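This structure is a prediction, so every number in the text was calculated from the model and none was measured. This chain uses plain numbering: 1 for the first residue, then up along the sequence.
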Amino acid sequence: METEHKISVMISEEELDKKIAELGAQISKDYAGKSVKLICILKGSVFFCCELAKRITIPVTLDFMQVSSYGSGTVSSGQIKIKKDLDESIEGDYVIVVEDIIDSGNTLSRLIPMLLERKPASLAVCTMLDKPERREVEMEVKYNGFQIPDEFVVGFGLDYDQKYRNLPFIGVIHMDEE
């Protein structure tokens, strides 16, 4: 049976547009005279990455990765599994890893060293959402959209059981008590 969830708006579509435009302008300024390769971490980052790419005024290429922390249940084994690797080399490229949300930081803290081994000219992280309360690993995030409290959020690529990715805003999902 399909359960309906109550979802309240945390970050509106207008606020997202404004922040993504600011991030695109900052990236364009920081990499002026260069081109950047955006690495979109699937699936959640795809909406954010596409909107961000449209607002960057220097040459941009896109590539995609899908990674998961594997282990049983909700406990990460401390390893990551690459489910879809990059199609092209990043050697010598100015790379920006684009994430939808960073909470514990565990997956990215393992992915970044793997990407650095591929010898990019530089590597930065850009996230739409950051949940610092959940951080377990220190990490440098060069481009940060919004810091949010530890709430379960959906929309703009973020899902609950593969639903709600298509919402044009970031919403908090309220689980009804049974």
In Å, rounded to the nearest 0.5 Å, how long is the span from CD1 of I96 to SG of C126? 6.5 Å
Using a 4.5 Å cut-off on heavy atoms from C-beta on, say whether the side chain of H174 contacts that of I7. no
Does I170 form a side chain to side chain contact (heavy atoms under 4.5 Å, CB included) with E15? I'd like the steps, not just the answer. CA-CA 10 Å; I170 302 295; E15 290 172 292; over 6 Å; no
Could you walk me through whether I101 and D130 pass side chain to side chain contact (heavy atoms under 4.5 Å, CB included), step by step? CA-CA 6 Å; I101 189 165; D130 185 15; over 6 Å; no
Please give me the minimum heavy-atom distance between K83 and S68, naming the atom from each residue. CD-OG, 3.7 Å
Decide, yes or no, whether a salt bridge links E88 with K37 under the criterion of side-chain N to carboxylate O below 4.0 Å. yes
Transitive ILVMFWY side-chain link V67 to I39, under 4.5 Å: yes
Mind checking the NZ-NE2 spacing from K163 to H5? Nearest 0.5 Å is all I need. 7.0 Å
Between V60 and A53, what is the shortest heavy-atom contact and its length? CG1-CB, 4.3 Å
State plainly whether the residues E14 and K18 are in salt-bridge range, i.e. N to O under 4.0 Å. no
With heavy-atom distances below 4.5 Å as the criterion, would you say the side chains of F64 and L38 are in contact? no
Would I27 and Y143 satisfy side chain to side chain contact (heavy atoms under 4.5 Å, CB included), going step by step from the backbone distance to the final call? CA-CA 8 Å; I27 289 168; Y143 304 102; 3.7 Å; yes
Okay, side chain of K131, backbone of E151: is any donor-acceptor separation there less than 3.5 Å? yes
Counting only heavy atoms not in E138, do more than 12 sit closer than 6.0 Å to its CD atom? no
Any ion pair linking K119 and D93 (charged N to carboxylate O, less than 4.0 Å)? no
Gap separating the CZ atom of R55 from the CD atom of Q26, nearest 0.5 angstrom: 16.0 Å
As an exercise, state the distance from CD of E91 to CZ of R118, rounded to the nearest 0.5 Å. 11.5 Å
Separation between CG (L108) and CG (L115), nearest 0.5 Å, reads 9.0 Å
Mind checking whether S122 and Y31 have side chains closer than 4.5 Å, heavy atoms only? yes
In Å and rounded to the nearest 0.5 Å, what is the CD1 to CG distance from I102 to L129? 9.5 Å
Cluster question for you: counting only ILVMFWY and a side-chain heavy-atom cut-off of under 4.5 Å, with indirect links fine, are M114 and V137 together? no
Looking at R135 and D150, is any side-chain nitrogen of the basic one under 4.0 Å from a carboxylate oxygen of the acidic one? no
Tightest non-hydrogen contact, residues M139 and S109, listed as CE-N, 4.0 Å
Answer whether the closest heavy-atom distance between the side chains of M65 and K84 falls below 4.5 Å. no
With side chains defined as the heavy atoms from C-beta onward, is the minimum distance between V46 and I41 less than 4.5 Å? no
Would you mind reporting whether M10 and P149 have side-chain heavy atoms less than 4.5 Å apart? yes
Quick check: does any side chain N or O of S45 sit under 3.5 Å from a backbone N or O of D100, one acting as donor and the other as acceptor? yes
Hey, any chance L52 and L62 share a hydrophobic cluster, counting ILVMFWY side chains that come within less than 4.5 Å of each other, even indirectly? yes
Flag the pair V36 / I58 as yes when at least one side-chain heavy-atom distance between them is below 4.5 Å, and no otherwise. yes
Residues F48, I20; criterion side chain to side chain contact (heavy atoms under 4.5 Å, CB included); working and verdict: CA-CA 8 Å; F48 175 50; I20 295 168; 3.8 Å; yes
Would you say L16 ends up clustered with I148 if hydrophobic residues are merged whenever their side chains have heavy atoms under 4.5 Å apart, either directly or through other cluster members? yes
Path from F47 to V172 over hydrophobic side-chain contacts below 4.5 Å: yes
Side chain to side chain, D159 and V154, heavy atoms closer than 4.5 Å: no
In terms of heavy-atom contacts, L23 and G145 come closest through CD1-CA, 4.1 Å
Over-ring placement of K19 relative to F146, 6.0 Å and 45° cut-offs: yes
Applying the side-chain contact (heavy atoms from CB on, under 4.5 Å) test to V125, which of V98, N144, I112 qualifies? I112
